[in-house]
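Just so it is clear, the structure is predicted and the values come from calculations on it, not from any experiment. Just so you know, ligand 1 is whichever comes first in the structure, and atom 1 is the first atom listed for that ligand.
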Amino acid sequence: MAAPRFLPLEHVVYAQAEQVSPNIRRVIAENPNKFTYTGTGTYLVGRGDVVVVDPGPRLDSHRDALRAALDGERVAAVLVTHCHADHSPLATWMRDEWGAPTYAFGPHPEPDPQWEALGVDAPDPDTADTDASDPGTAAPAERDPVEMEESTDFAFAPDHAVVDGEVLELAGFTFTAVHTPGHTSNHTCWAFAEERTLFSGDHIMGWSTTVVSPPDGDMAAYIASLRKVAERGDAVLWPTHGPARTDAAEYVPALVEHRLQREAAVLAAVRDGLASIRDIVELLYVDTRRELHKAARRSVWGHMIKLVDDGAVTTADGTPPGIQSIYIPA
Ligand SMILES: [Zn+2]
């Protein structure tokens, strides 16, 4: 199978509503970084009474752009894919401004202290050590504001917590919640029936693979959620970051294959005697910029947890799999 073919977003217009399909407008927030690509794409579905998908980050320029785009209209409902800081925060403003009810799978779960401890990484001696994937562990003064976008919006709690497969009739359209855990445990894609479209959030992005960072990120769940989307047959995927995909039938299986190949490479490395996630990242990510190695270690940790669950690998001392554990073949 061919490797997934990632696509660039051809042109980016910030802070303006752009008609991207018969019923869908998109406003891109000016928050580009290594997680958000060119920025958060907030989708406005319909005219007059509007359903918003992923209202976006707490950014004045984005809020003002949305207010201008919605001049003379009202937000009828807000659908949230997950509670990262580049997706959910402006939901609260839309609820205050238009009384719009918010829908999501649920709030972000509170971190489990035992798993948080297993995920504490050793510092990198040779790079500026801001922890991109888990900014909460860095002192505030050390944090790069650009690195904060993947941080979690624990304040968000939806008015309506949906279940998988729940159908919502909103503003004359039909939306279905498609629970897709993996990137986060509460990640939900939103199917828009009238255009056979799936708003795929960060589960499937057009330009890159997504971050799967334990403990809330779960590689086994992520792969299962990719297969779930592959079976749906949506005509178009609209990710929150990057371009639309009209080739889901090839692209989504290629993403599954890409993850399984990485898993096989991690397992082969352990069988070759590489015992630490740090050493495995040095081997498998030799062509990747070092500043991304910390995020890569969390990704390999995700693969390792799955390999331990699958019975292929174990920790040398039998303790639960941590980011600094010593791993051996099972
Ligand atoms: Zn995210």
Side-chain angles (χ1 to χ4, degrees), residues 6 9 26 28-43 52-59 62 78-92 102-111 119 130-137 143-158 162 177-190 198-219 221-223 225-226 229 237-243 245 252 255 259 292 294-296 298-299 301-302:
F6 300 119
L9 185 57
R26 180 178 60 194
I28 300 178
E30 199 159 4
N31 63 335
N33 67 37
K34 69 187 179 194
F35 293 118
T36 67
Y37 186 44
T38 50
T40 298
T42 294
Y43 293 101
V52 175
V53 182
D54 276 353
R58 201 176 305 286
L59 190 68
H62 191 51
V78 178
L79 309 181
V80 170
T81 61
H82 66 298
C83 311
H84 277 154
D86 53 325
H87 293 256
S88 50
L90 284 187
T92 312
T102 58
Y103 296 82
F105 194 76
H108 197 87
E110 287 296 323
T130 49
D131 188 339
S133 59
D134 186 11
T137 60
R143 292 182 199 162
D144 175 348
V146 173
E147 305 285 295
M148 291 295 291
E149 295 298 325
E150 193 74 354
S151 67
T152 301
D153 175 16
F154 285 107
F156 175 76
V162 296
V178 182
H179 184 216
T180 45
H183 174 68
T184 63
S185 58
N186 66 354
H187 193 288
T188 303
C189 298
W190 291 96
L198 188 72
F199 293 104
S200 59
D202 284 1
H203 177 49
I204 297 168
M205 302 198 286
W207 66 284
S208 168
T209 57
T210 198
V211 173
V212 178
S213 177
D216 192 57
D218 181 319
M219 192 62 74
Y222 182 68
I223 291 170
S225 295
L226 285 178
V229 170
L237 307 178
W238 280 109
T240 301
H241 312 287
R245 300 295 306 214
V252 182
L255 291 175
R259 298 292 177 160
L292 298 175
K294 189 151 195 162
R298 294 195 77 88
S299 177
W301 185 33

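Vertex the Zn ion (ligand 1); arms to His183 NE2 and His82 NE2; angle rounded to 10 degrees, 100°.
Using a 4.5 Å heavy-atom threshold, the side chains of His87 and His241 count as touching.
When distances from the Zn ion (ligand 1) to the N, O or S atoms of His84 are compared, ND1 comes out shortest.
Ring geometry for His183 versus His82: interplanar angle over 60°, hence perpendicular rather than tilted (30 to 60°).
For the 3.5 Å distance criterion, the side chains of Asp202 and Thr210 fail to qualify, holding no donor opposite an acceptor.
At least one N, O or S atom of Asp202 sits under 2.8 Å from the Zn ion (ligand 1).
With sequence neighbours excluded, the residues satisfying side chain to side chain donor-acceptor pair (under 3.5 Å) with Thr42 are His62.
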